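See below for the structure under consideration.
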There are 2 protein chains.
Amino acid sequence: MGNQLRKHIEEVVALSDDEYTFVLSHFSKEAFGKNDFLIQKRESVNHCYYVISGLLKLVYDDADGKKHITSFAMENWWESDFAAFFTQTEAQMSLQCIEETHVLSISLNNYNKLAANFPKMEYFFLKKSNAGHIASQRRILSFLTSSAKERYEQLLEQYPVLFQRVPKMLLASYLGVSRETLSRLSH
Amino acid sequence: MGNQLRKHIEEVVALSDDEYTFVLSHFSKEAFGKNDFLIQKRESVNHCYYVISGLLKLVYDDADGKKHITSFAMENWWESDFAAFFTQTEAQMSLQCIEETHVLSISLNNYNKLAANFPKMEYFFLKKSNAGHIASQRRILSFLTSSAKERYEQLLEQYPVLFQRVPKMLLASYLGVSRETLSRLSH
DNA sequence: TCATAATTGTGATGTTTGTCACGCAATAGT
DNA sequence: ACTATTGCGTGACAAACATCACAATTATGA
């Protein structure tokens, strides 16, 4: 329970009890209900979130009023509107619960303090950022090389659990196809 | 000349002369001719590159033998097959010169040493990685929200210099459209 | 429980984009 | 300078995908 974040961090760097207590003191535990917003577009983005349980969607509203899913965030994922968070500008996206969700949140101040004062966590954040960058490049590559059907099958293979937890219209949005097309692809 | 990397790093963190000398000692200067490969697919990826001058393309060959441009890298950009570099697995992409190119290269060992022994550079790498992650997310968003024509116009606005330095068939590949479609879009 | 809203499937049709084919211009190497 | 290669534009056609409309099903909340 209380040491889920510790296990997660220790996949990258080992921590003593005291070190983990110190790290944890930079976070706040928060709970959100289904459809609650963690980040609203046009508001300031004060936190980055570590998901303990539940499921989030990061949504961009385009000029035509259509909603596009930039990403999902499940257990042990880190999520925020990172562009807005790191540069302290207003949110261009919203972060909303698909399910009731428990998170640990960290402010930019505390993120910077932790990185500056505790090299192990700076190393951890660097590893996570590199991994996120690599994952984004893989997704870009799937847009360049694959048809909608192929992207659907890749998602099904990589994150089968999403198909049980997320309405298909949201998966369509994440894949960049209409819900009608996705429906026809699935058989 | 010799302090281009220093200026680049000092956009993020200040360095003393001695510190810069120390940093620079982790890099090697290399020169490549047009069409030379810095990384060949299926080979090991031993270096990450900082571009001093010139222009590179990061290319993925798909199962049908088609080539897709994952990204370009110009002056002051960092490039590698990061997935292969960080995990020391074989390259899934190739990195090739579009123009004669001068780089500073750093091995993974030296990258890790620098990050571990010199907090300012770990901070710099973290900032760069976060920026790269954010740029990738913006590109994903352009695939989700924009037509080929809109992506073309966004690229023209963001990197007009590419249109003078890169054949349009490569721009088409970067944008994820056929060269014929790009040709028809441009007027 | 019942009414309402959200989600899904499917047909008909239109738009966007890819593919094939061809000719021409520009470039690079000898 | 000449030739081979590479890059570019465009027509004709095919494939992929979006959009609109409507019905059916499944969740949700008072």
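Since this is a predicted model, take the numbers as computed values, not measurements. Residue numbering restarts at 1 for every chain, and letters A, B, ... go by the order of the sequence lines. Any value given below was found using the heavy atoms of this structure, including those in side chains, with hydrogens, waters and symmetry copies removed.
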salt_bridge(A:E99, A:K34) N-O dist < 4.0 Å: no
With a cut-off of less than 4.0 Å, is there a side-chain N or O of A:T181 near OP1 or OP2 of D:dA18? yes
Using whole Å, what does the distance between atom P of nucleotide C:dT8 and atom CZ of A:F163 come to? 12 Å
Picking from C:dG18, C:dT7, D:dC8, which would you name as closest to the side chain of A:M169? C:dT7
The single option from B:F82, B:W78, B:F86, B:F125 that satisfies ring pair (Phe, Tyr, Trp, His ring centres under 6.0 Å) with A:H133 is B:F82
If you take the centroid of each ring, where Trp contributes its six-membered ring, are A:F32 and A:F37 closer together than 6.0 Å? no
Do any side-chain nitrogens or oxygens of A:K66 fall under 4.0 Å of OP1 or OP2 in D:dA18? no
Output the rounded distance in Å from NE2 (A:H68) to C1' (D:dA18). 13 Å
Between D:dC17 and A:K149, is there an OP1 or OP2 to side-chain N/O distance shorter than 4.0 Å? no
Minimum-distance nucleotide (side-chain atoms of B:R179 versus C:dC22, C:dT8, C:dG18): C:dC22
Would you kindly compare B:A148 and B:K34 by the position of their nearest DNA chain C nucleotide and give the one closer to the 5′ end? B:A148
Please check if the distance between the ring centroids of B:Y50 and B:F27 is under 6.0 Å. no
Can you see if the side chain of B:S183 gets near the phosphate of D:dG9 - specifically, an N or O under 4.0 Å from OP1 or OP2? yes
Evaluate the ring planes of A:Y60 and A:H68, with Trp represented by its six-membered ring, and classify them as parallel (under 30°), tilted (30 to 60°) or perpendicular (over 60°). tilted
If you take atom types as modelled and just measure distance, does the side chain of A:R184 reach the base of C:dG11 with a donor-acceptor pair under 3.5 Å? yes
Looking at D:dC20, does its base get a donor-acceptor pair with the side chain of A:E180 below 3.5 Å? yes
Taking the six-membered ring for Trp, are A:H47 and A:Y49 parallel (under 30°), tilted (30 to 60°) or perpendicular (over 60°)? tilted
State whether the number of non-hydrogen atoms from other residues, nucleotides or ligands found under 6.0 Å of A:E153 atom CD is greater than 12. yes
Bend angle of the helix from C:dT1-D:dA30 to C:dT30-D:dA1 from five-pair axes at both ends, rounded to 10°? 60°
